[in-house]
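Written out below as structure tokens is the structure these notes cover.
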Amino acid sequence: MTTLTIPAFATKRIAKSRISEVDFNNLEFGKYISDHMLMVDYVDGKWQEPTILPFGDIPMSPAMLSLHYGQSVFEGMKAFRNKNGDICIFRPQKHSERLNKSLARMCMPEIPEELFTQALHAIVETDANWIPTSEGASLYLRPVVFAYEPRLGVKIADHFKFFVLTSPAGAYFSKPTRLKVEETFVRAAEGGTGFAKCAGNYGGAFYPTQVARQEGFDQVLWTDAKEHKYIDEAGVMNVMFVIGGKLITPKLTTALLEGVTRDSILKLAPSLGITVEERRVSVAEIEEAFKNGTLTEAFGAGTAAVVSPIAAINIHGTDYNVPAVTPDSFQQRVKEKLNNIRLGFEADVFGWNYIIPAR
């Protein structure tokens, strides 16, 4: 558990909250944005003082560099009410680390960890009444950094904006998905921006995903750009398999996003009695594991659902069904353990929770 003394930020409060417009019994992910947003400008080579403003539109130039050349990076994480009524922001230090790696890759100014954490603390505390209290619900946090300078010439921007938005999110129940092993399109290649959480990675994945859905699948299972022989990611999540009683996941490369949920699951796995292997995972190995019955689980790992069960994987035109999830499945047990740590029902031995005491 970590805490931090927060300086007084310049704050312009809303005149009337919009919270009465929110249906907290039907929280479609990302539909509602909380009352306030936090903004920091980067000018003259440094980050300026943060300001908290009512959520709303901002003035922008059609020549804004991020619109033309893609300097835009974001993060996604959650805040929860724990069993004591305190607010827990989950693993902000890890998200700060990943954000800065993404920013460095995109030639954007890194954000000091203290500023990042202070920003999260301040905006969450400001809109604390937007945190849902129903089981499995949370407040989703969206930090985003983008080039704000108006210029048509191809250049690295000198003026950036850093925003933090928040959105109430209900319990996420992901139905088991059908995936198609992608053998034509590429999400990312080694040496590219695949490990960065930049906007272009997502825009570039829309079309292949649309094609897969037209064919009756929910998502694609991305493979390596060079040979399409090795598994990379599942849709917009990291992918994990239980084969022969071991938890197996593709090792990180510059083509893969280092998921915070992925990292959390790998660290918790030994305490749940399962061996972890991070290595190259071939499509052929997965197909053989289906055929000989040693593949017992396959799931995606990400912020929204924690784990997203996979029902079937289509390999070279053949559907292979994944055994149904049970209460004893590893993915169910690790999801429960992770949620218990966030909510304070189990010890936070890794120091993952950033606590804002209840007022």
Side-chain angles (χ1 to χ4, degrees), residues 26-30 76 78 135-138 140 169-183 185 187 202 205-206 208-223 231-250 256-257 259-262 264-266 268-269 272 274 276 281-283 285-339:
N26 185 29
L27 289 173
E28 182 181 339
F29 188 82
K78 289 180 176 179
E135 184 177 355
S138 61
Y140 178 76
Y172 192 102
F173 300 103
S174 177
K175 71 177 182 67
T177 56
R178 296 185 68 244
L179 304 184
K180 170 188 129 179
V181 170
E182 184 56 62
E183 299 179 278
F185 298 103
R187 175 190 171 270
Y202 294 79
F206 286 160
T209 303
Q210 178 180 272
V211 171
R213 286 176 177 166
Q214 291 169 348
E215 296 173 347
F217 303 99
D218 298 301
Q219 279 285 354
V220 298
L221 189 56
W222 298 107
T223 52
I231 302 296
D232 276 355
E233 297 184 9
V236 294
M237 298 182 291
N238 296 116
V239 65
M240 296 184 167
F241 306 94
V242 177
I243 301 176
K246 296 179 180 179
L247 180 65
I248 299 172
T249 193
L256 273 69
L257 183 69
V260 175
T261 302
R262 172 191 183 276
S264 302
I265 289 173
L266 295 180
L268 292 176
L272 293 172
I274 191 165
V276 171
V281 182
S282 70
V283 175
E285 177 187 357
I286 298 302
E287 185 171 31
E288 180 59 27
F290 272 120
K291 290 178 178 179
N292 64 28
T294 56
L295 189 151
T296 55
E297 297 185 49
F299 59 94
T303 298
V306 182
V307 299
S308 181
I310 296 171
I313 299 175
N314 184 280
I315 303 175
H316 308 315
T318 299
D319 274 351
Y320 293 93
N321 294 320
V322 180
V325 178
T326 71
D328 292 329
S329 295
F330 169 76
Q331 61 189 282
Q332 287 295 101
R333 292 187 295 123
V334 77
K335 180 177 182 178
E336 181 179 358
K337 189 174 184 67
L338 192 51
N339 285 336

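Sequential numbering from 1 along the given sequence is applied to the chain's residues.
- For the atom pair E336 CD and L268 CG, the distance stands at 12.0 Å (nearest 0.5 Å).
- The heavy-atom pair separating T223 from D232 by the smallest distance is O-OD2, 3.5 Å.
- When every heavy atom of A212 is checked against every heavy atom of Q219, the shortest pair comes out as CB-O, 4.4 Å.
- Remark: side-chain polar atoms of Q331 are not paired, donor with acceptor, to backbone N or O of V325 under 3.5 angstrom.
- The aromatic rings of Y320 and F290 sit parallel to each other, their planes meeting at less than 30°, with 60° as the upper class boundary.
- A pairwise comparison of heavy atoms in L338 and S264 identifies CD1-CB, 4.1 Å as the closest pair.
- Side-chain contact between I231 and V239 is present, with heavy atoms from C-beta onward closer than 4.5 Å.
- Atom CD1 of I315 and atom CD of E183 lie 9.0 Å apart (nearest 0.5 Å).
- Going from atom NZ of K291 over to atom CD1 of I286 covers 13.0 Å, rounded to the nearest 0.5 Å.
- Put simply, CG on L221 and CZ on R187 are 12.5 Å apart, with the number rounded to the nearest 0.5 Å.
- In Q332, the CD atom is crowded: over 12 heavy atoms of neighbouring residues, nucleotides or ligands sit closer than 6.0 Å.
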For this session: Take D218 and K180 through the salt bridge (charged side-chain N to carboxylate O under 4.0 Å, His left out) test and state the conclusion after the steps.
Result: CA-CA 8 Å; D218 298 301; K180 170 188 129 179; over 6 Å; no
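- V181 has its side chain out of reach of W222: every pair of non-hydrogen atoms, C-beta onward, lies at least 4.5 Å apart.
- The main-chain N or O of I313 is never found under 3.5 Å from a side-chain atom of R178 such that the two would form a donor-acceptor pair.
- Checking side-chain atoms of N238 against main-chain N and O of L257 turns up a donor-acceptor pair under 3.5 Å.
- Side-chain contact between F241 and T249 is absent, with no heavy atoms from C-beta onward closer than 4.5 Å.
- Residues E297 and F330 are in side-chain contact: their nearest non-hydrogen atoms beyond the backbone lie under 4.5 Å apart.
- When all heavy atoms of L247 and V242 are compared, the pair lying nearest together is CD1-CG2, 4.2 Å.
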Exercise. Are I248 and V281 close enough, and set up right, to give a side chain to side chain contact (heavy atoms under 4.5 Å, CB included), and what steps lead you there?
Worked result: CA-CA 8 Å; I248 299 172; V281 182; 3.7 Å; yes
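- Summarising the geometry, atom CG belonging to N314 is positioned 4.0 Å from atom CZ belonging to F217; distances are rounded to the nearest 0.5 Å.
- I243 approaches A289 most closely through the heavy-atom pair CG2-CB, 4.0 Å.
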Problem set entry | Worked check of side chain to side chain contact (heavy atoms under 4.5 Å, CB included) between K78 and T303 | CA-CA 8 Å; K78 289 180 176 179; T303 298; 4.1 Å; yes
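- Contact between I265 and A301 at its shortest, heavy atoms only, is CD1-CB, 3.9 Å.
- Rounding to the nearest 0.5 Å gives a distance of 9.5 Å between CZ of F206 and CZ of R213.
- Inspection of the D328 and T326 side chains reveals no N or O donor paired with an N or O acceptor under 3.5 Å.
- Put simply, the side chain of N321 never gets that close to the backbone of A312: no donor and acceptor are under 3.5 Å apart.
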